[in-house]
Amino acid sequence: MVSEEKIDKFKEAARIIKSAKYLVVFTGAGISAESGVPTFRGDNGIWKKYDSNVLTLSYFIEHPEESWKAQKEFFDIILNANPNYAHIALAELEKKGILKSIVTQNIDNLHQKAGSENVFEFHGTMKTVTCINPRCMHKYKTEELDLTNLPPKCEKCGSVLKTDICFFEENPPEPAKSLSFQEASKTDVMIIVGTSGVVHPAALLPVTAKENGAKIIEINPDSSLLTIYGTTDIFLQGEAGEVMKKIMEEME
Ligand code: OAD
Ligand code: ZN
């Protein structure tokens, strides 16, 4: 049962969202959990099954086949995944002109599949790959690659291809990184959905928003580092879909 205190929090969050002048939403893997996409951390997380080396640049350079095996498995999951209520509600808020942009750490394309248009992919994308040869750097669409023999190689120069995901030891891609920080500086209300807040510099986006005077609303079944360190002003505990439904009802 939802407690009285919780109901008030939802009303308060809905009121703040409605009155926002520049609403920005910052999402992590948790928003896609209800779409069947595993999160990274936690009991059923990807880092329980794989060592995080598979997404570490130096490991990738030495063991591209191992890294690609793990990535291909993830790619197959996200190709077949569908947006859930939370993705759809955010796309609706954009159409209504309430939400201005989404900054996502996710590479699953589910915001775009739900119809969101102004999406900044802070950790890059799995939709494209780039040849690692600095003199070539040819780009391909991942879905057009033959992934039967891993790692896939460049047709132009024969070097290994790497997905355009931001790996550990890499900087987030530009211009997504700068534009995301611009959004965080502009926003007066930021909703954070489903991130543990442990990966930097992504976790600095809500901190930047708060430093610029934004109200921070967080949706997560568990506390994140952003809750624990007091970046969050209103913590709405629960799964993304369930909580977004309550917010949308309160906003009617
Ligand atoms: P994590 O796996 O670190 O955290 C997922 C968060 O989602 C946790 O705080 C969970 O409590 C929460 N969560 C779980 N189920 C949820 C649900 N149904 N609704 C809402 N929240 C839920 O994922 P991220 O914070 O996104 O980087 O991880 C950050 C980065 O670490 C990722 O972008 C990835 C990874 O290494 C790269 O791949 C570059
Ligand atoms: Zn090449």
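Atoms within each ligand, like the ligands themselves, are counted from 1 in listed order. Owing to the predicted nature of the structure, the values given are computational and were not obtained by experimental measurement.
The shortest contact between atom 28 (O) of ligand 1 and any protein heavy atom is with R41 NH1, 3.2 Å. Here the heavy atom of the protein found nearest to atom 33 (O) of ligand 1 is H123 ND1, 2.8 Å. Closest to atom 15 (N) of ligand 1, if we only count protein heavy atoms, is A33 CB, 3.7 Å. The nearest protein atom to atom 18 (N) of ligand 1, hydrogens excluded, is given as E34 OE1, 3.2 Å; this is a heavy-atom distance.
With a 4.0 Å heavy-atom cut-off, ligand 1 is reached by no atom of I107.
Taking every heavy atom of G28 and a limit of under 4.0 angstrom, the matching atoms of ligand 1 come to 26 (O).
Contact annotation: the side chain of E155 approaches that of Y140 to within less than 4.5 Å [non-hydrogen atoms, C-beta and beyond].
Within a 6.0 Å radius of NZ in K215, no more than 12 heavy atoms belonging to other residues, nucleotides or ligands are found.
The NZ atom of K11 sits 12.5 Å away from the NZ atom of K246 when rounded to the nearest 0.5 Å.
Heavy-atom proximity to atom 5 (C) of ligand 1, evaluated over G194, P172, A203, S35, is greatest for G194. Atom 14 (C) of ligand 1 has its nearest heavy-atom neighbour, among G30, G241, A29, in G30. Of all the listed residues (I219, T195, T227), T195 holds the heavy atom that lies closest to atom 25 (O) of ligand 1.
Relative orientation of the F60 and F167 rings is perpendicular, given thresholds of 30° and 60° on the angle between their planes. Using the six-membered ring where Trp is involved, F122 and F181 have ring planes that are perpendicular, over 60° apart on the 30 and 60° scheme.
Ligand 1 has at least one atom lying under 4.0 Å from a heavy atom of F168. A heavy-atom separation below 4.0 Å is found between N220 and ligand 1. At a 4.0 Å cut-off, not a single heavy atom of F167 sits close enough to ligand 1 to count as contact. The closest approach between D222 and ligand 1 falls below 4.0 Å for a heavy atom of the residue. Residue contacts with ligand 1 include P221, since one of its heavy atoms falls under 4.0 Å from the ligand. Put simply, no part of G45 is less than 4.0 Å from ligand 1, judged by heavy atoms.
In summary, of the residues considered (Q112, Q105, H111), a side-chain hydrogen bond (donor to acceptor under 3.5 Å, both in side chains) with E121 occurs for Q112 alone.
In terms of polar-atom proximity, defined here as any N/O pair under 3.5 Å, I165 makes no such contact with ligand 1. In terms of polar-atom proximity, N106 is not counted as a contact of ligand 1, lacking any N or O under 3.5 Å from an N or O of the ligand.
At least one N, O or S atom of C136, from either the backbone or the side chain, sits less than 2.8 Å from the Zn ion (ligand 2).
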